Amino acid sequence: MSKSNVLVAGAGIAGPILAFWLSRAGMRSVVVERAPELRTAGQTIDIRGVGFEVVRRMGLEELIRSRTTREQGIAIVDASNRKRAEFPVSLPGGGQGFTSDIEIVRGELVKILYESTCNSNNVEYVFEDYITSIKDHGDRVEVGFAKGSVREFDLVVAADGMHSKTRRLVFDGQSSLRPLGQHVCYFTIPYHESDGTWARWYNAPGGRAILLRPDNLGTTRAILAITSNSSEAYEKLDVKAQKEAIHKIFADAGWEASRVLSAMDAASDFYLQEMAHS
Ligand SMILES: Cc1cc2nc3c(=O)[nH]c(=O)nc-3n(C[C@H](O)[C@H](O)[C@H](O)COP(=O)(O)OP(=O)(O)OC[C@H]3O[C@@H](n4cnc5c(N)ncnc54)[C@H](O)[C@@H]3O)c2cc1C
């Protein structure tokens with residue numbers, strides 16, 4: 001009997017993990033990624049609960065632990081940088097803090113997951129391509145790709161993220177995403193002495209928040225959040241216009257906002273996203 005052949009759309013977090021387990025089960029997979037290379041942008045991701053069990057069973061726990069940010073916790077600070085509350089990694093009584101004991105920069109995790117699968121004979125990665133058509137013939141799926149090829153698979157899995165185009169292709173353009181009334185932008189800035197080894201979270205009036213998280217790569221990950229019920233279409237703006245909007249919103253936010261805003265102008269990995277739930 002021939003091996004099952006699975007098409008996975010997206011080489012982010014879920015795609016390579018699925019390819020890993022399919023390979024372990026003796027199945028072949030093709031992972032198609034729309035970007036020309038791995039997308040390694042992003043801030044820290046905490047691995048806990050089921051996620052922890054998955055990486056442990058993949059045999060990746062030690063490697064992942066060796067590349068964590070080693071953030072010691074999150075401190076809530078006021079405009080004068082005074083600590084108002086502290087949430088260390090391990091809470092008294094064994095509870096979970098905001099910072100997990102495995103806190104890893106997304107790009108590091110993406111690389112580890114890719115590297116754990118890319119040399120497998122059962123896994124083929126295809127970059128800079130994506131699915132444009134899917135025909136389900138019952139016993140096989142015929143898939144058309146943007147670059148013109150047509151291939152057949154036993155199964156297609158959409159792991160192409162929150163705004164999955166593949167899911168929309170199959171479910172007639174429907175989206176089950178529910179906006180949560182918050183826009184968040186992420187970017188990397190130079191490390192400053194005040195960043196220390198704790199993440200610092202500052203809430204400014206008007207539903208604005210700044211979170212600064214030092215990483216293990218000598219930089220600091222900045223997260224700026226705006227909470228509002230307005231239907232501002234920030235995501236539709238280009239990056240330059242998004243940065244201008246963020247400048248205006250945070251201009252009088254206080255604390256270290258001016259340092260963060262100047263560094264944002266130079267950040268090449270800036271991206272803005274509306275928080276949503278499916
Ligand atoms: C650049 C980036 C930065 C992020 N930063 C953070 C963060 O800092 N903190 C956090 O908690 N979450 C972040 N996320 C979201 C986070 O990765 C996901 O919420 C979560 O990890 C789920 O991962 P996923 O594999 O489902 O999707 P993702 O990690 O989003 O990966 C999806 C992959 O699919 C690719 N793709 C998109 N469309 C297609 C298509 N049509 N065909 C083929 N491939 C396609 C994307 O390029 C991406 O590589 C980020 C996502 C991205 C893409």
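The structure presented is a predicted model; accordingly, all values stated were derived computationally and were not measured. Note that the numbering runs from 1 along the sequence shown for the chain. Atoms within each ligand, like the ligands themselves, are counted from 1 in listed order.
Here the side chain of D160 pairs a donor or acceptor atom with the backbone of T166 at under 3.5 angstrom.
When only interatomic distances are considered, the shortest N/O to N/O separation between T166 and ligand 1 does not fall below 3.5 Å. The distance criterion of under 3.5 Å between nitrogen or oxygen atoms is met by R106 with respect to ligand 1. Annotation: Q43 places an N or O atom under 3.5 Å from an N or O atom of ligand 1; distance criterion only. The N/O atoms of Y130, backbone and side chain alike, include none that comes under 3.5 Å of an N/O atom in ligand 1. On a distance-only criterion, I13 and ligand 1 share at least one N/O pair closer than 3.5 Å. Not a single N or O atom of Y186, backbone or side chain, sits closer than 3.5 Å to an N or O atom of ligand 1.
Under the 30°/60° scheme for interplanar angles, the aromatic rings of W201 and F98 are found to be tilted.
The proximity of I131 to ligand 1, defined as any non-hydrogen pair under 4.0 Å, does not occur for either the backbone or the side chain. With a 4.0 Å cut-off on non-hydrogen atoms, R39 touches ligand 1 through its side chain and not its backbone. In L38, neither the side chain nor the backbone holds a heavy atom less than 4.0 Å from any atom of ligand 1.
In this structure, atom 42 (N) of ligand 1 has protein heavy atoms in its sub-4.0 angstrom surroundings. Atom 35 (C) of ligand 1 is flagged as protein-proximal [any protein heavy atom, distance under 4.0 Å].
Judged purely by distance below 3.5 Å, without hydrogens or angles, the side chains of T69 and D215 never pair a donor atom with an acceptor atom.
Close contacts between ligand 1 and K165 involve ligand atoms 41 (N) [criterion: under 4.0 Å to a heavy atom].
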